[in-house]
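Everything below concerns the one structure shown next.
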Amino acid sequence: MSTPAALHELRGLSMGTTWSVKLIAPVSALIGLERGIQAMLDQVVAQMSTWETDSDISRYNRATAGSAHVLPAPFAEVLHAALALAADTDGAYDPTIGPLADLWGFGPAGARTRAPAAAPLAQARERVDWRRLHFDPLARVLSQPGGAYLDFSSIAKGYGVDRVADWLLAHGVADCLVEVGGELRAHGRKPDGSAWRIAVEQPGREDEAAAVIALDNLSIATSGDYRRYFEPSSFEHTGGERSGAPTGCAHRYSHTLDPRTGAPIDNAVASVTVLHERCMHADALATALTVLGARAGLAYANRRQLAALFVLREGEGFVTRATPGFVARQRSA
């Protein structure tokens, strides 16, 4: 007699943060499912983590000018999506931002004690330009123009969520909620038939939600600096991301960098939440909209008919602005 399926939660570590999966499955299947989930995430790390010196992305970043690299299919898929978004946002999103992330203390090079000087900042900015990359998506061949440093920290977690969700669906798990470092994707229903409902945190009010969304065949990702930032007097590490940042400055530095200016963003956006069928796209779009800011970001989201929620600073508090697509999803919750 087979064991009936029930709701279970599996947990683990990956990408410098935690993962969790709630799913309906027999107890006898849990060990195999946990191993499969971890294997999917380990593959993403092995290909796309700049924190691993032997990853595919790290080897590319160290490669000599003029060299050509045949990328693994997952790596190529993520790069293709990142470059398409870079082109569509005129560089507000840029996967070659690695030199700036390291310079500001947010990358593998480690935390900085002060803001970078003008000369190294100018040198890093010269290396950041997605248009320098020559990529053939069909052959999966990427050339190294010299000094190009890819950083997928704003898209890899979302892609990891997709890999896990797709793997679970392919292995007969139709009801699941997958989370990696705060990015989520859900399918099916809970055992009582209700939807997976996700609360979007209200900045400064942990017991209050800015919105509640029902997820089914849908992903949600948030980018924001109200919990991830650094002030002059200290280093602060939150949310599971490996980070560091400059101190000794006149104001706090957001962990989100603007590739166009070479500096942390300095706008009214506290956070942006995006809903999308693919978590990879939700993850990257949340970052892009945060960089674009309230006016340009909302305009872009509306043009592209995105479901997005902006939490904006206003005086000592916060206000929210939602696109029609987000409002429609919120009502369905």
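In this chain, residues are counted from 1 in sequence order. Note that this is a predicted model, so its numbers are computed, not measured.
- Closest approach of Leu83 and Pro95 over heavy atoms only: CD2-CG, 4.0 Å.
- Judged by distance alone, the side chains of Ser55 and Ser58 do bring a donor and an acceptor atom under 3.5 Å apart.
- Within 6.0 Å of CZ in Arg62 there are more than 12 heavy atoms belonging to other residues, nucleotides or ligands.
- Closest of all the heavy-atom pairs between Ala81 and Ile155 is CB-CD1, 4.4 Å.
- The number of heavy-atom neighbours closer than 6.0 Å to CZ of Arg304, taken from other residues, nucleotides and ligands shown, is above 12.
- For the pair Gly160 and Leu41, the tightest heavy-atom approach, listed with the atom from each and the gap, is O-CD2, 3.7 Å.
- More than 12 heavy atoms of other residues, nucleotides or ligands shown are found within 6.0 angstrom of CD on Glu9.
- In this structure, CG on Asp94 lies 8.5 Å from CZ on Arg131, to the nearest 0.5 angstrom.
- The two residues Ser219 and Glu277 make their nearest non-hydrogen contact at OG-O, 3.4 Å.
- Under the 3.5 Å distance criterion, with hydrogens and angles disregarded, no donor-acceptor pair is assigned to the side chains of Ser67 and Tyr60.
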Report task. Go through the steps to decide whether Asp175 and Lys190 satisfy the test side-chain contact (heavy atoms from CB on, under 4.5 Å), and finish with yes or no. Result -> CA-CA 7 Å; Asp175 304 288; Lys190 293 187 286 187; over 6 Å; no
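- Each of His134, His69, Arg132 was evaluated against Gln144; a single residue qualifies, His69, per the side chain to side chain contact (heavy atoms under 4.5 Å, CB included) test.
- Residues Ala286 and Ala221 approach most closely at CB-O, 4.0 Å, considering heavy atoms.
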